[in-house]
Amino acid sequence: MHHSRLSTFVLDCKVDDIDAAARFWSAALGRKVKPADPDSPSYRELEATDAEPSLLLQQVSHESRIHLDIESDDLDAELERLEALGAKRIAYVKRWWVMEAPTGQRFCIVRPQRGPLEGRANVWDGEGR
């Protein structure tokens with residue numbers, strides 16, 4: 001068995017100034033910008049409650065879009081489960097899978113972002129249920 005849940009809404013921003021983008025989305029959504037991580041200069045995170053998905057801005061070179069991340073305690077099992085549902089793998093990048101839904105949207109499968117998933121996420125058996 002493994003666990004997964006919606007983790008993050010990622011705002012892919014094709015911009016020169018990620019801080020300006022963060023200020024816009026902060027004001028638009030009424031969420032404070034968390035302090036920047038010097039090890040991740042192309043990312044900014046907005047505050048969210050524990051009950052909400054995280055909100056992450058990512059500076060990108062492709063066209064701006066929004067994608068979501070699904071966090072899982074077993075990336076391989078979640079990859080297989082989602083492929084069985086019709087998703088296809090696009091690429092493995094650093095520590096996560098980039099996927100494409102049968103409907104064309106891109107999303108990522110990532111390791112747990114907000115602590116352990118047990119008791120706080122969907123539980124899937126080996127059959128994907």
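In what follows, residues are counted from 1 in the order of the sequence shown.
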T8 side chain to V10 backbone, donor-acceptor under 3.5 Å: no
For N122 and R5, the nearest pair of non-hydrogen atoms, with its separation, is ND2-CA, 4.5 Å
Begin from the C-alpha positions of L11 and W25 and carry the test side chain to side chain contact (heavy atoms under 4.5 Å, CB included) through to its verdict. CA-CA 9 Å; L11 300 155; W25 284 106; 3.9 Å; yes
Name all residues meeting the side-chain contact (heavy atoms from CB on, under 4.5 Å) criterion together with A36; count only those two or more places apart in sequence or in a different chain, and write none if there are none. R44
What's the verdict on salt bridge (charged side-chain N to carboxylate O under 4.0 Å, His left out) for R114 and E71, showing C-alpha distance, side-chain angles and the deciding distance? CA-CA 9 Å; R114 298 178 294 151; E71 61 185 340; 3.6 Å; yes
Separation between CZ of F9 and OG of S54, rounded to the nearest 0.5 Å: 10.5 Å
Do D12 and H67 pair up side chain to side chain, a donor and an acceptor below 3.5 Å, judged on atom types alone? yes
Is F24 reachable from I66 through a run of I, L, V, M, F, W or Y residues, each pair having side-chain heavy atoms under 4.5 Å apart? yes
Do I90 and F107 belong to the same hydrophobic cluster, where Ile, Leu, Val, Met, Phe, Trp and Tyr are linked whenever their side-chain heavy atoms lie under 4.5 Å apart, directly or via other members? no
Spatial distance of atom CD (E80) from atom CG (L85) [nearest 0.5 Å]: 12.0 Å
Linked, directly or transitively: L79 and L75 (ILVMFWY side chains, under 4.5 Å): yes
Determine whether a donor-acceptor pair (N or O, by modelled atom type, separation under 3.5 Å) exists between the side chain of Q59 and the backbone of K14. no
Non-hydrogen atoms of S26 and V33 that approach each other most closely: CB-CG2, 3.6 Å
Whether H2 and W124 hold their rings parallel, tilted or perpendicular, with breakpoints at 30° and 60°: tilted
Can you confirm whether E100 sits close enough to Q105 that some side-chain heavy atom of one is under 4.5 Å from a side-chain heavy atom of the other? no
Salt bridge check, E47 against K32: does any charged N sit closer than 4.0 Å to a carboxylate O? no
Please indicate whether D50 has more than 12 foreign heavy atoms, meaning atoms of other residues, nucleotides or ligands, lying under 6.0 Å from its CG. no
Do E52 and R31 sit within salt-bridge range, that is, some charged N less than 4.0 Å from a carboxylate O? yes
CG/D73 to CG/L117 distance, rounded to the nearest 0.5 angstrom? 5.0 Å
ILVMFWY cluster, V60 and L46 together (side-chain gap under 4.5 Å): no
Minimum heavy-atom distance R89-M99, with the two atoms named: CA-SD, 3.6 Å
Check K88 with E83, please: is the shortest side-chain N to carboxylate O separation under 4.0 Å? no
Can you see which heavy atom on I18 is nearest to which on C13, and at what distance? CD1-CB, 4.3 Å
If only side-chain N and O atoms count, and only distance matters, is there a donor-acceptor pair under 3.5 Å linking E78 with S4? yes
Taking L56's backbone N and O only, do any of them form a donor-acceptor pair with Q58's side chain (distance below 3.5 Å, no angle check)? no
Does D16, at its CG atom, have more than 12 non-hydrogen atoms belonging to other residues, nucleotides or ligands within less than 6.0 Å? no
Mind listing the closest non-hydrogen atom pair of I70 and L68 along with its distance? CG1-CD1, 3.8 Å
Starting from L6, can I reach L82 by hopping between I/L/V/M/F/W/Y residues whose side chains sit under 4.5 Å apart? yes
Give the minimum heavy-atom separation between P112 and S72, together with the two atoms involved. CD-O, 3.1 Å
Sidechain-backbone polar pair: D69 side chain, V110 backbone, donor-acceptor under 3.5 Å: no
